[in-house]
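Indexing begins at 1, ligand by ligand and atom by atom, following the structure's order. Keep in mind that the numbers below use all heavy atoms, side chains included, and drop hydrogens, waters and symmetry copies. Everything numeric in this text was worked out from a predicted model, so none of it was measured.
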Amino acid sequence: MASQAQLIDGKVIAEKIRQEARDILARVRAEGRNVHVAVVSASDDPASRMYVARQCADFAAAGIDAAVRELPGGATEAEVIDAVEGLNRDGGVTGIVLALPLPGGIDVRRVQERIRPSKDIEGVHPQNLGMTALGRQRAGPSTAQAVIEAIDATGIDVCGKEAVIVGRSQIVGKPVALMLIERRVTVTVCHTATRDLAGHTRRAEILVAAAGRPEVITGDMIREGAVVIDVGINRVTRPDGARRTVGDVEFEAARARAGWITPVPGGVGPVTVAVLLRSAVSAALAADR
Ligand code: NDP
């Protein structure tokens, strides 16, 4: 029987990070201070609203105050920026999350640029991304940090290894590349213009799949023994009509070749949630008194 990759259990990693968050929260409270996160939402879409409500419930379950600063689905860019700047000025607010999507016509980056960097717990402000590029990370994007946590959980020394990242987005591919370069990993970043994707992925000792394309990484694209981190979350309908969530990696086939692999769901997803909680309490601890 072919050997199977070891599973990287996102729930176990998430629990470790949640404990770190609890410890930081205790220090914040010991100083007589509080953590308060404001989630700016401007969407009438029921799925987005549900997501925001769940995010607030996650914060609350971790003992973090969170409230939605709700704007109408037709809000303008100026109105969203006004709301963000009000929260920047509000001394009681220690962290700001900008829920996406924003109404059509709003330039998300322009809004992100207006979040005070010290309150940007999602790590989307250019200054925080710049700090990541300089290797002086404050709050890096949660998903990218979660990828690094998942790699670290294997206990493998990554220095000098070959990593291939599929996807070059602002919140995943690029920051993961920067974080791995900082650890002296040899990094290749692939995207839709990449020629011979499989030629790259087959070289990868560490493969990070963040393309948002269901099972685009097939088993034969995996190097024997690789660490495979699947960031993708894709809802698909199977031929039998059943709806399922799958990653960007063809899981069973990849598992037969990889050394380590994250499942979907239960891999990077829960780690990302935990990282955001930790970033929220860390921002409060670092906040000006
Ligand atoms: P984006 O759509 O912003 O970026 C996708 C990237 O993948 C782009 O750079 C794109 O290339 C590249 N790409 C797409 N298709 C291919 C392909 N066939 N071959 C090679 N490259 C390809 O996605 P995100 O980074 O926001 O998210 C990626 C995935 O991660 C999604 O499934 C998303 O749901 C999931 N996600 C999961 C999170 C978690 O907590 N687990 C959190 C955030 C996202 P190009 O630039 O050329 O267009």
Side-chain angles (χ1 to χ4, degrees), residues 7-14 17-18 45 47-48 50-52 54-55 58-59 97-102 107-109 112 121-124 129 132 139-151 153 163-180 187-204 207-218 220-222 228-236 243-251 254 261-280:
L7 277 189
I8 302 173
D9 189 340
K11 291 185 193 127
V12 172
I13 305 167
I17 296 168
R18 282 169 182 271
D45 172 36
S48 312
M50 237 169 75
Y51 181 79
V52 166
R54 211 177 119 196
Q55 200 168 40
D58 281 336
F59 280 120
V97 169
L98 186 63
L100 300 179
L102 290 173
D107 185 332
V108 174
R109 287 192 198 182
Q112 289 171 334
I121 60 173
E122 293 183 297
V124 293
L129 290 167
T132 301
S142 311
T143 311
Q145 285 194 60
V147 168
I148 302 298
E149 294 278 356
I151 295 170
V164 173
I165 301 164
V166 185
R168 57 170 193 114
S169 75
Q170 211 91 306
I171 58 162
V172 193
K174 276 184 203 164
V176 168
L178 293 168
M179 291 174 191
L180 289 177
V187 178
T188 303
V189 180
C190 301
H191 39 73
T192 55
T194 297
R195 287 173 284 136
D196 190 16
L197 179 64
H200 290 285
T201 61
R202 284 192 194 114
R203 281 191 294 103
L207 178 64
V208 179
R213 298 282 179 276
E215 299 176 334
V216 68
I217 309 293
T218 50
D220 60 319
M221 293 168 75
I222 308 280
V228 178
I229 309 295
D230 190 353
V231 183
I233 301 175
N234 309 291
R235 291 291 286 166
V236 296
R243 297 272 292 157
R244 287 197 49 199
T245 300
V246 300
D248 288 353
V249 176
E250 194 187 20
F251 182 77
I261 190 165
T262 56
V264 176
V268 176
V271 185
T272 301
V273 173
V275 165
L276 184 63
L277 300 177
R278 186 179 58 191
S279 299

Students should be able to answer this: which protein heavy-atom is nearest to [atom], and at what distance?
{"atom": "atom 33 (C) of ligand 1", "value": "Ile233 N, 4.2 Å"}
{"atom": "atom 36 (N) of ligand 1", "value": "Val231 O, 3.7 Å"}
{"atom": "atom 46 (O) of ligand 1", "value": "Arg168 NE, 2.6 Å"}
{"atom": "atom 43 (C) of ligand 1", "value": "Thr143 OG1, 3.7 Å"}
{"atom": "atom 19 (N) of ligand 1", "value": "Leu197 CD2, 3.8 Å"}
{"atom": "atom 27 (O) of ligand 1", "value": "Val172 CG2, 4.4 Å"}
{"atom": "atom 3 (O) of ligand 1", "value": "Ser169 CB, 3.4 Å"}
{"atom": "atom 26 (O) of ligand 1", "value": "Ile171 CD1, 3.8 Å"}

[X] and [Y]: which non-hydrogen atoms are nearest, and at how many Å?
{"X": "Gly267", "Y": "Thr262", "value": "CA-CB, 4.2 Å"}
{"X": "Ile121", "Y": "Ser279", "value": "O-CB, 3.4 Å"}
{"X": "Thr194", "Y": "Val189", "value": "OG1-O, 4.5 Å"}
{"X": "Val246", "Y": "Pro214", "value": "CG2-CB, 3.8 Å"}
{"X": "Val172", "Y": "Ala210", "value": "CG1-CB, 3.6 Å"}

Tell me whether ligand 1 is touched by Thr194 - counting only heavy atoms on the residue side and a distance under 4.0 Å.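 Thr194: no contact with ligand 1 (<4.0 Å).
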Hey, what do you get for CG (Leu178) to CG (Leu180), rounding to the nearest 0.5 Å?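 Atom-to-atom, Leu178:CG and Leu180:CG are 9.0 Å apart.
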Within this structure, what is the CZ-CG distance for the pair Arg244 and Asn234, rounded to the nearest 0.5 Å?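 One finds 12.0 Å between CZ of Arg244 and CG of Asn234.
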Sub-4.0 Å atoms of ligand 1 with respect to non-hydrogen atoms of [X]:
{"X": "Val166", "answer": "20 (C), 21 (N)"}
{"X": "Val216", "answer": "18 (N)"}
{"X": "Ala210", "answer": "5 (C), 6 (C), 7 (O), 28 (C)"}
{"X": "Thr272", "answer": "39 (C), 40 (O)"}
{"X": "Asn234", "answer": "32 (O)"}
{"X": "Gly167", "answer": "6 (C), 7 (O), 9 (O), 12 (C)"}

Name of the residue among Ile165, Thr188, Leu207, Val166 meeting side-chain contact (heavy atoms from CB on, under 4.5 Å) with His200: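 So, applying the side-chain contact (heavy atoms from CB on, under 4.5 Å) to His200 and each of Ile165, Thr188, Leu207, Val166, only Thr188 qualifies.
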Quick one, [X] and [Y] - any side-chain contact, counting heavy atoms below 4.5 Å?
{"X": "Leu129", "Y": "Pro141", "value": "yes"}
{"X": "Phe251", "Y": "Ile261", "value": "yes"}
{"X": "Ile217", "Y": "Val228", "value": "no"}

For atom 14 (C) of ligand 1, which of Gly232, Ala193, Gly269, Ala211 has the closest heavy atom?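 Minimum heavy-atom distance to atom 14 (C) of ligand 1 goes to Ala211.
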I want to confirm something. Looking only at heavy atoms, which of Thr192, Thr201, Val264 is nearest to atom 45 (P) of ligand 1?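 Residue with the shortest heavy-atom distance to the ligand atom: Thr192.
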Can you find a protein heavy atom under 4.0 Å from atom 11 (O) of ligand 1?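 Yes, there is a protein heavy atom closer to it than 4.0 Å.
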